[in-house]
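What follows is a single structure, written as structure tokens, with notes after it.
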Amino acid sequence: MTGIIGQYLNTLTRRAFAAYVVVFAAYFIAAKFGLYLYYSFNTSPALIWPPVGIALAAVLLLGYRMWIPIFVAQFFALLWQSGPSVLLISLIIAAGYALQAVVAAYILNRLGFSRALDKTRNMVLIVGAALLATILEPAIATLYQMQQGLLSVPPLLNLGRAWGAGIFSVLVLTPLILTWYPWQRTTYTTRQIGEILAAFGLLALNNIFLFWTNYPQYFGISVIFFLPAVLIWFALRLHTRWLTLAVFLTSVMGVMGTILAHPTAIPLNEQLLSDEIYIGLVAAIFYVFVSVVEERRLAYANMAENNTALQQALKKISRDDKAKTEFLAILAHELRNPLAPIVSALELMKIKMGEERRTDMLEPIEVASRHSYTVSRLLDDILDISRISREEFKLKKEVVSLQEVLRDSIETVDAFYKQRGHTLTVSMPKEQLDVLADPLRLEQIFVNILYNAGKYTNPGGHISLEVVYDPHKGVRVAVSDDGIGIAASKLEEIFEPFTRLSESRFEAGTGLGIGLSLTRKLATLHGAEVWAESDGEGKGSRFITVFPPSAIHKRAASLPTAAPAPTGATKKYSILIVDDNEDAAKSLCLLLQRGGHAVQIAHDGASGLKLMHQNPADVVLLDIGLPDMSGYDVAKLVRQKHGKEPLLVALTGYGQEEDKIKAREIGFNHHLTKPVGIADIQNILAY
Ligand code: ADP
């Protein structure tokens, strides 16, 4: 036997051995103390049996094998007390306590118990264990004693005493050990230390009155009510650890006060029992209370932490987003700038070379410049989408004729339709329909839809645009095609950014899949709705845009619907071009000169102003990014000196909404985004 024990001890590490020794010593001292109280003060039936709480904490903290020191300590404590005559009963009682701690810990572990007693679930489990698991040993011992005829009191009373002692012991000691072991250094501020000392001082004072004197009443209120008040302070301000210590201190003072001072006439046993029930009840309630408070506090702290992390992430995202937006704007600008001279030069060459020689030589350059232009338009679309999402997008709304906007849109796609051999039929009501809208953006909506209809329809297709007005339902603009159609499941998906269907089927499909997303966003900003309809793949599609009745102002058909004929188309102007891109300025100059206009060129702001001073022009085409000053400043100075007369046209690589707004505010009459063709300038001059 000794050999086996020796061999076992050899396999133990130092740490494990220390654990055995500590648990043995703690349990043994607690058991001896319990027996001392039992025999010297006859504390039965209100038993005080501290080792039960220590045993459960030891198994929970150090593992099931702690049954060994528990068993041995319990056995020797009993044997030492009464000698070999109680050998068998000592063995049974020792085995009972060891088994009880192991079973309780096993059940707790199975239920997912963890030592974090600031979680309500764990606290409820430990209180449950105190109430239920402490019956095992008393049951075993009572059954044995009954069978042996050793009981001097009724079996239920015998069972009740030991069970009550177990409950009290677990409630007072197990949470204390679990929250204070292992020892963690916590730094407290002087204020916190002051608060802790004050709370314990008040608790000690309260306990002296409560347990060492004869339950005095103050102002008719029993001191018994003060204990919960002090414990509320502990629970709300000092957290779980200090509360478990407060409960322990109250129990020690309570039991000792009742035994030593024994201030009441009630028999000691009964008084002890009632004190224990009171302390146990208060402890159970406050344990659960403190855990609820702690859980909330931790959840708040967690939330605050997450919030900070989220806010930081958000800041980073918006910083990145801003950088990306700026990058895209610059990219669009850089793409557009070199295109300006190319487009002008191309137009000039077309005029000079004549019809027959022009196609094969100029076609590739035209295609390439068209592609670059499309790319820069796409970048603008992306910027628009990101701006709408960030709610930084402003519409410049005015009352515009819907029919006119639609006609402009048709004109924009006309060349593309012709190139693909599509036939377009248009049906619009006669009466003028006015909408409060940003004309440029409205056109963007319909150009997108019409362009898609042309793109996703085989060459030689049929496309129709139908406008129907109903005073109750508003205006419905339907663009139908007999093209590739859309599967029912994809009708909504295509409005998501970067969604493209049937990638390989149409080489004309050069988009990024953002057109419809932008279209819907722009329509929503106008209070309109856009959706797609299709009978399925291969069966054509229909894109419907509906403006609510409130958005429409009907005008009598008699009012002039057609724009007045451009009167200035043939008029000749004196024009000043201010652009630091010499090629762009020169090619545009040549084009305008061919149109019969008198043109001067300047490459910076100062020389532009000088030329304007010497020979004031009717029209100033002003680049915004000039080497010496910005085009905005030049425009301001021109307006100051020459008043409202000269027509100021901004030419920029930045085609963003805010650039246009800024230009308008400063006094520009028009804003053109590079590359600017002769047709764009003629359009402006015509009015
Ligand atoms: P994209 O730049 O690809 O044209 P859009 O957002 O304009 O992007 O359209 C998204 C997708 O919706 C297209 O890739 C295409 O698959 C589908 N689509 C759009 N219009 C039509 C149409 N008229 N007929 C069939 N499919 C269409």
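All ligand and atom numbering here is 1-based and tracks the order in the structure.
With a 4.5 Å cut-off on side-chain heavy atoms, Gln444 and Leu518 count as touching. Between Ser574 and Asn615 the shortest side-chain heavy-atom distance does not fall below 4.5 Å.
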- Message: Between Gln432 and Gln403, is the side-chain contact (heavy atoms from CB on, under 4.5 Å) condition met? List the steps.
- Response: CA-CA 7 Å; Gln432 192 65 35; Gln403 278 101 329; 3.7 Å; yes
- Message: Using side-chain contact (heavy atoms from CB on, under 4.5 Å), reason through Leu465 and Phe446 one step at a time and then give a plain yes or no.
- Response: CA-CA 10 Å; Leu465 185 149; Phe446 295 118; 5.8 Å; no
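Close approach of ligand 1 to Ile494 is summarised as follows: ligand atoms under 4.0 Å from at least one heavy atom of the residue are 10 (C), 11 (C), 12 (O), 17 (C). Close contacts of ligand 1 with Lys455, meaning ligand atoms under 4.0 Å from a residue heavy atom, involve 1 (P), 2 (O), 4 (O). Close approach of ligand 1 to Leu516 (heavy-atom distance below 4.0 Å) involves ligand atoms 5 (P), 6 (O), 7 (O), 9 (O), 10 (C), 12 (O), 19 (C). Against a heavy-atom cut-off of under 4.0 Å, Ile484 is close to the following atoms of ligand 1: 25 (C). Within ligand 1, counting atoms from 1 as listed, the ones closer than 4.0 Å to a heavy atom of Ile514 are 6 (O), 8 (O). The Gly513 neighbourhood of ligand 1 comprises atoms 1 (P), 2 (O), 3 (O), 6 (O), 8 (O), with distances under 4.0 Å to a heavy atom of that residue. Residue-ligand proximity, Gly485 to ligand 1, at heavy-atom distances under 4.0 Å covers atoms 25 (C).
Of all the heavy atoms of Phe495, none lies under 4.0 Å from any atom of ligand 1, so neither backbone nor side chain is involved. The proximity of Ile486 to ligand 1, defined as any non-hydrogen pair under 4.0 Å, is limited to the side chain. At a heavy-atom distance under 4.0 Å, only side-chain atoms of Asp481, from C-beta outward, approach ligand 1.
Evaluated by nearest non-hydrogen atom to atom 3 (O) of ligand 1, the leading choice among Tyr451, Phe543, Tyr456 is Tyr456.
The main-chain N or O of Leu647 is never found under 3.5 Å from a side-chain atom of Asn669 such that the two would form a donor-acceptor pair.
Ligand 1 lies nowhere less than 4.0 angstrom from a heavy atom belonging to Lys490.
Listed by first then second residue, pairs satisfying salt bridge (charged side-chain N to carboxylate O under 4.0 Å, His left out) with a partner in residues 483-493 read Lys490-Glu493, Glu492-Arg520, not counting sequence neighbours.
Ring geometry for Phe416 versus Tyr451: interplanar angle of 30 to 60°, hence tilted.
Applying the ring pair (Phe, Tyr, Trp, His ring centres under 6.0 Å) test to His422 and every residue at least two apart in sequence or in another chain returns Tyr417.
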